[in-house]
Amino acid sequence: MSGMRIFITLASIVAVALGVRVWGLQQGYPDLYGHVDEVGVAASIWNFFRADTLRPTEFTYPDLYSYLVAMLVSLTAWFGAGQLEDTGDALILLSFADPGWVVLVGRLLSAMASALTVVVVYRLGSQAFGRRCGMVGAAFLAVSSMATQQAHHGLPDSTMALFATLCLYYSWKLYRSGSWRHYALAGILAGLMVSTKYNGAFVSFGLVAAHLL
């Protein structure tokens, strides 16, 4: 396949992946959340602004995902604060006027992370087993029902999956090259992965395997 054909094919696959992940993203908004865990995560994120603290109040998951969503929510308030000069006041007002907004932003982050994972799968598959394998893997992930369902939730799963796939990718590159740069990148991504969801720690064994092999 030529370079342009590969780009167009991969771009089409990613577009499909993003489309099915964004479709239905507003389920239950603004009155209800789609997943019971979204309530606790949303409350913890809103508390960052209401109590002016970075201390979490929800411990089902680590806090990196909540901090990422809080940062994105801050950006939406900064752009849409209107007549309120204080962005902090705008965020507190938003937390009461539209509490489901933080879930919607979290779901958008999940959808974007899940779509980016398709690209990483292509890179890993194509470099390890050839472009055809990479493209087939990306296509399967693009329409995977589990990945799509997780991307519809304002929860850490899809973001953790992105970090996990990147960790595996750089662990494989470490196995092939033995480069300290790949050691560092795989280690950093392992940390980000575990900081997003605890069970991501199992993927870090790929880094150990790459070192031993």
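In this chain, numbering begins with 1 at the start of the sequence shown. Everything numeric in this text was worked out from a predicted model, so none of it was measured.
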Show your reasoning for whether side-chain contact (heavy atoms from CB on, under 4.5 Å) applies to His182 and Tyr175. CA-CA 9 Å; His182 295 146; Tyr175 161 69; over 6 Å; no

Legend entry - Residue pair Tyr122, Val14: steps toward the side-chain contact (heavy atoms from CB on, under 4.5 Å) verdict: CA-CA 10 Å; Tyr122 165 75; Val14 173; over 6 Å; no

Report the C-alpha distance between Thr159 and Leu109 in whole Å, list the side-chain angles of each, state the deciding distance to 0.1 Å, and finish with yes or no for side-chain contact (heavy atoms from CB on, under 4.5 Å).
CA-CA 8 Å; Thr159 306; Leu109 174 60; 4.1 Å; yes

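In plain terms, the two heavy atoms of Thr60 and Tyr198 that are nearest each other are O-CE1, 3.6 Å. Nearest heavy-atom pair, Ser179 versus Leu174, reported as atom, atom and distance to 0.1 Å: O-CD1, 3.7 Å.
In summary, the side chains of Tyr61 and Asp157 do not present any donor paired with an acceptor at a separation below 3.5 Å, with no hydrogens or angles considered.
Within the 4.5 Å cutoff, no side-chain heavy atoms of Leu94 are placed close to those of Phe49. Ser74 has its side chain within reach of Leu91: a pair of non-hydrogen atoms, C-beta onward, lies under 4.5 Å apart. Contact of the Ser110 side chain with the Leu155 side chain is not registered, since no non-hydrogen atoms from C-beta on lie closer than 4.5 Å.
With hydrogens and angles disregarded, a donor-acceptor distance shorter than 3.5 Å links the side chain of Ser177 to the backbone of Lys173. No donor-acceptor pair under 3.5 Å is formed between the side chain of Ser204 and the backbone N or O of Gly200.
Checking each of Gln26, His152, Glu38 against Arg107 for a side-chain hydrogen bond (donor to acceptor under 3.5 Å, both in side chains) leaves exactly one that passes, namely Glu38.
The distance between the ring centers of Tyr169 and Trp172 does not fall below 6.0 angstrom.
Sparse packing is recorded around CZ of Arg132, with 12 or fewer heavy atoms of other residues, nucleotides or ligands lying under 6.0 Å away.
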